[in-house]
Student: 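Just dropping this structure here.
Letters A, B, ... mirror the listed sequences (proteins, then strands); counts begin at 1.
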There are 2 protein chains.
Amino acid sequence: MLNRCNNRKKTGQKKKIDDFQKRCRDTGLKVTTQRLAVYKALIETAEHPSAETVFRRVKQIFPTISLDTVNRTLRTLSEIDSAFIVEGSGEARRFDGNLHPHQHFKCVRCKRIVDFYHQPFDNVEVPLNIRRKFKVLRKTVYLEGICDSCREKN
Amino acid sequence: MLNRCNNRKKTGQKKKIDDFQKRCRDTGLKVTTQRLAVYKALIETAEHPSAETVFRRVKQIFPTISLDTVNRTLRTLSEIDSAFIVEGSGEARRFDGNLHPHQHFKCVRCKRIVDFYHQPFDNVEVPLNIRRKFKVLRKTVYLEGICDSCREKN
DNA sequence: CTCTGTGCAAACACTTTGCAGCTAA
DNA sequence: TTAGCTGCAAAGTGTTTGCACAGAG
């Protein structure tokens with residue numbers, strides 16, 4: 001399973017790129033050389049790169065691209081759900097003094113974070129292939145969405 | 001201490017504070033007024049505050065404290081496991097172009113992020129009390145620890 | 001041809017650091 | 001007493017923004 005995720009197949013890449021171009025057209029975005037290059041760089045790697053990393057990579061085949069464009073494009077990609085942010089919300093760090101096991105729900109509009117506890121999340125064992133390779137120190141379950149009061153505001 | 005909270009809840013806070021002081025002594029940290037004030041402010045709220053928010057709150061009862069101290073203290077608290085970071089790693093945003101459902105393991109040393117897929121995590125239903133109140137758009141399961149190559153380096 | 005996208009530079013928000021004086025142990 | 005802590009100011013890091021020009025549709 002680790003392997004399958006790491007070896008993203010070439011044939012699949014082509015289709016992804018076609019789908020992406022369609023997605024751009026559907027959402028009214030222009031298919032620019034830069035946008036395509038950033039998207040390709042992102043799906044060609046399994047290392048969950050930062051904007052800086054994508055920038056360095058794209059620069060090799062497109063030397064005039066700027067870091068700003070990469071930043072803007074990555075943000076756009078996540079807005080049209082062609083990419084996800086796996087680390088760093090871009091907002092300030094936030095802390096929790098509650099040491100008991102629990103999970104969080106975060107409202108993407110008002111940024112409110114709510115604690116909850118749902119035992120089944122806690123009960124799921126970390127898979128063996130992960131436990132064998134890595135020392136797991138922490139397990140986080142995180143939900144995102146729109147909270148009740150933000151929904152009413154629509 | 002306000003005396004309106006004279007029951008078990010307050011006793012719990014009291015115990016937490018005692019435990020915290022012990023934790024400081026055990027880890028060789030001094031129990032300073034600032035450190036205590038920051039810790040209290042953190043456990044008195046359920047809103048997962050940022051450093052800035054904690055700062056504003058502590059300032060009311062301790063006007064000379066600086067934001068730097070709050071930042072430093074919150075970092076220290078998470079280092080001694082008296083608090084957790086629930087949002088914002090402080091590092092750069094990182095992106096993922098893999099849209100299939102999957103989970104992540106992140107090595108806290110080398111920052112490498114590895115994809116895996118463990119169906120049981122996917123199968124857990126979001127609890128009803130959350131689904132009823134909030135519109136859930138995304139579910140994230142995230143493991144943190146030490147990866148194989150970093151363990152060997154010890 | 002039009003209007004979005006890009007590159008540049010400057011602005012920005014948050015966090016960290018160097019240092020001198022302070023304080024808990 | 002003294003090692004560690006704090007407050008201040010300055011630097012650092014990553015991201016966003018305003019603007020004029022370029023290029024996709």
Side-chain angles (χ1 to χ4, degrees), chain A residues 17-18 20-42 48-59 61-80 82-83 85-95 111, chain B residues 17-18 20-41 48-56 58-59 61-80 82-83 85-95 111:
Chain A
I17 291 165
D18 288 345
F20 172 63
Q21 300 200 30
K22 184 176 184 312
R23 188 110 188 86
C24 284
R25 273 181 242 112
D26 291 350
T27 52
L29 296 172
K30 292 185 177 170
V31 181
T32 63
T33 328
Q34 290 93 329
R35 224 163 241 172
L36 259 182
V38 168
Y39 182 73
K40 280 186 196 167
L42 184 62
H48 310 84
S50 64
E52 185 65 41
T53 306
V54 173
F55 173 58
R56 279 199 301 271
R57 204 147 311 171
V58 173
K59 213 173 180 180
I61 57 158
F62 196 120
T64 59
I65 200 168
S66 74
L67 175 57
D68 312 77
T69 298
V70 174
N71 260 311
R72 265 188 283 229
T73 304
L74 289 171
R75 188 172 31 149
T76 306
L77 293 189
S78 52
E79 276 162 14
I80 64 170
S82 288
I85 297 172
V86 284
E87 162 104 19
S89 58
E91 289 146 39
R93 268 209 266 269
R94 289 171 64 179
F95 299 86
K111 317 298 179 197
Chain B
I17 290 165
D18 288 346
F20 172 63
Q21 300 200 31
K22 185 176 183 310
R23 186 108 189 88
C24 284
R25 275 182 242 109
D26 291 351
T27 51
L29 297 172
K30 291 184 178 171
V31 181
T32 63
T33 327
Q34 290 93 328
R35 224 163 242 171
L36 258 182
V38 168
Y39 182 72
K40 280 185 196 167
H48 311 83
S50 64
E52 184 65 42
T53 306
V54 173
F55 174 58
R56 279 200 301 270
V58 173
K59 212 173 182 177
I61 57 157
F62 196 120
T64 59
I65 201 168
S66 73
L67 174 57
D68 312 78
T69 299
V70 175
N71 259 312
R72 262 187 285 229
T73 304
L74 288 171
R75 189 170 34 146
T76 306
L77 294 189
S78 53
E79 277 162 13
I80 65 170
S82 287
I85 297 171
V86 283
E87 162 104 17
S89 58
E91 289 146 39
R93 268 209 266 271
R94 288 170 66 180
F95 299 86
K111 316 299 180 198

Student: Pair B:Glu87, A:Lys111 - check side-chain contact (heavy atoms from CB on, under 4.5 Å), show working.
Tutor: CA-CA 10 Å; B:Glu87 162 104 17; A:Lys111 317 298 179 197; over 6 Å; no
Student: Which nucleotide sits closest to the side chain of A:Asn71: D:dC8, D:dT16, C:dT15?
Tutor: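 Selected nucleotide: D:dT16.
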Student: What is the distance from NZ of A:Lys59 to P of C:dG7, rounded to the nearest Å?
Tutor: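 After rounding, the reported distance stands at 11 Å.
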Student: Start with the C-alpha gap between B:Arg94 and A:Ile85, add the side-chain angles, then the distance that decides, and say whether side-chain contact (heavy atoms from CB on, under 4.5 Å) holds.
Tutor: CA-CA 6 Å; B:Arg94 288 170 66 180; A:Ile85 297 172; over 6 Å; no
Student: Starting at atom CD of A:Glu91, determine the distance to atom C1' of C:dC12, rounded to an integer number of angstrom.
Tutor: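 These atoms are roughly 15 Å apart.
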Student: Which of these nucleotides, C:dG7, C:dG5, D:dG7, is closest to any side-chain atom of A:Gln34?
Tutor: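 Between C:dG7, C:dG5, D:dG7, the one nearest the side chain of A:Gln34 would be C:dG7.
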Student: Which is true for A:Ser50 with a 4.0 Å heavy-atom rule: it touches a base, it touches only sugar-phosphate, or it touches nothing?
Tutor: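 A:Ser50: no heavy atom of the nucleic acid under 4.0 Å.
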Student: Measure from CD on B:Glu87 to P on C:dA13 and round the result to the nearest Å.
Tutor: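 The answer, rounded to whole Å, is 18 Å.
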Student: Using the closest heavy atom to pick a nucleotide of DNA chain D for each, name whichever of B:Ala92 or B:Thr73 lands nearer the 5' end.
Tutor: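 First, find each residue's nearest nucleotide; the 5'-ward one identifies B:Thr73.
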Student: To the nearest angstrom, how far is B:Glu52 atom CD from C:dT15 atom C1'?
Tutor: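 In whole Å, C:dT15 C1' lies 12 Å from B:Glu52 CD.
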Student: Do you see a donor-acceptor pair shorter than 3.5 Å between the side chains of A:Ser50 and A:Thr53?
Tutor: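 A donor-acceptor contact under 3.5 Å links the two side chains.
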Student: Can you tell me how far P of C:dT6 sits from CG of A:Leu29, to the nearest Å?
Tutor: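 Going from A:Leu29 (CG) to C:dT6 (P), I get 10 Å.
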Student: To the nearest Å, give me how far apart CG (B:Leu67) and C1' (C:dT17) are.
Tutor: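 Result: 14 Å.
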Student: Could you measure the distance from the CZ atom of A:Arg93 to the CG atom of B:Asn71? Nearest 0.5 Å is fine.
Tutor: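 Those atoms lie 7.5 Å apart.
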Student: Below 4.5 Å, heavy atoms only, C-beta onward: do B:Leu77 and B:Phe20 meet side chain to side chain?
Tutor: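 In short, these two side chains touch, coming nearer than 4.5 Å.
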Student: Between protein and nucleic acid, restricted to nucleotides 17-22 of chain D and to nitrogen or oxygen atoms under 3.5 Å apart, what atom pairs and distances do you find?
Tutor:
from, atom 1, to, atom 2, distance (Å)
D:dT17, O4, A:Asp68, OD2, 3.3

Student: Please check this pair: side chain of B:Arg23 against backbone of B:Ser82, looking for a donor-acceptor N/O pair closer than 3.5 Å.
Tutor: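 Absent.
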Student: Test side-chain contact (heavy atoms from CB on, under 4.5 Å) on A:Phe95 and B:His48 and set out the steps.
Tutor: CA-CA 5 Å; A:Phe95 299 86; B:His48 311 83; over 6 Å; no
Student: Would you kindly compare A:Ile65 and A:Arg93 by the position of their nearest DNA chain C nucleotide and give the one closer to the 5′ end?
Tutor: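 It is A:Ile65, whose closest nucleotide lies nearer the 5' terminus.
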Student: Without decimals, in angstroms, what is the distance between A:Leu74 CG and D:dT16 P?
Tutor: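 About 10 Å, once rounded to whole Å.
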Student: Establish, with yes or no, whether the OP1 or OP2 oxygen of D:dT6 is under 4.0 angstrom from a side-chain nitrogen or oxygen of B:Thr69.
Tutor: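 For D:dT6, neither OP1 nor OP2 has a side-chain N or O of B:Thr69 closer than 4.0 Å.
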Student: Please write out the pairs of protein N or O atoms and N or O atoms of nucleotides 21-24 of chain C separated by less than 3.5 Å, giving the distance to one decimal.
Tutor:
from, atom 1, to, atom 2, distance (Å)
C:dA24, N3, B:Lys30, NZ, 3.4

Student: Can a donor-acceptor pair be found between the side chains of A:Thr76 and A:Thr73 at a distance below 3.5 Å?
Tutor: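 Side-chain D/A pair, A:Thr76 to A:Thr73: absent.
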Student: Can you tell me the distance, in whole Å, between the CZ atom of B:Arg94 and the C1' atom of D:dT15?
Tutor: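 Whole-Å distance recorded here is 17 Å.
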Student: With a 4.0 Å cut-off on N to O distance, would you call A:Lys22 and A:Asp26 a salt bridge?
Tutor: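 Between A:Asp26 and A:Lys22 there is a salt bridge, with a charged N closer than 4.0 Å to a carboxylate O.
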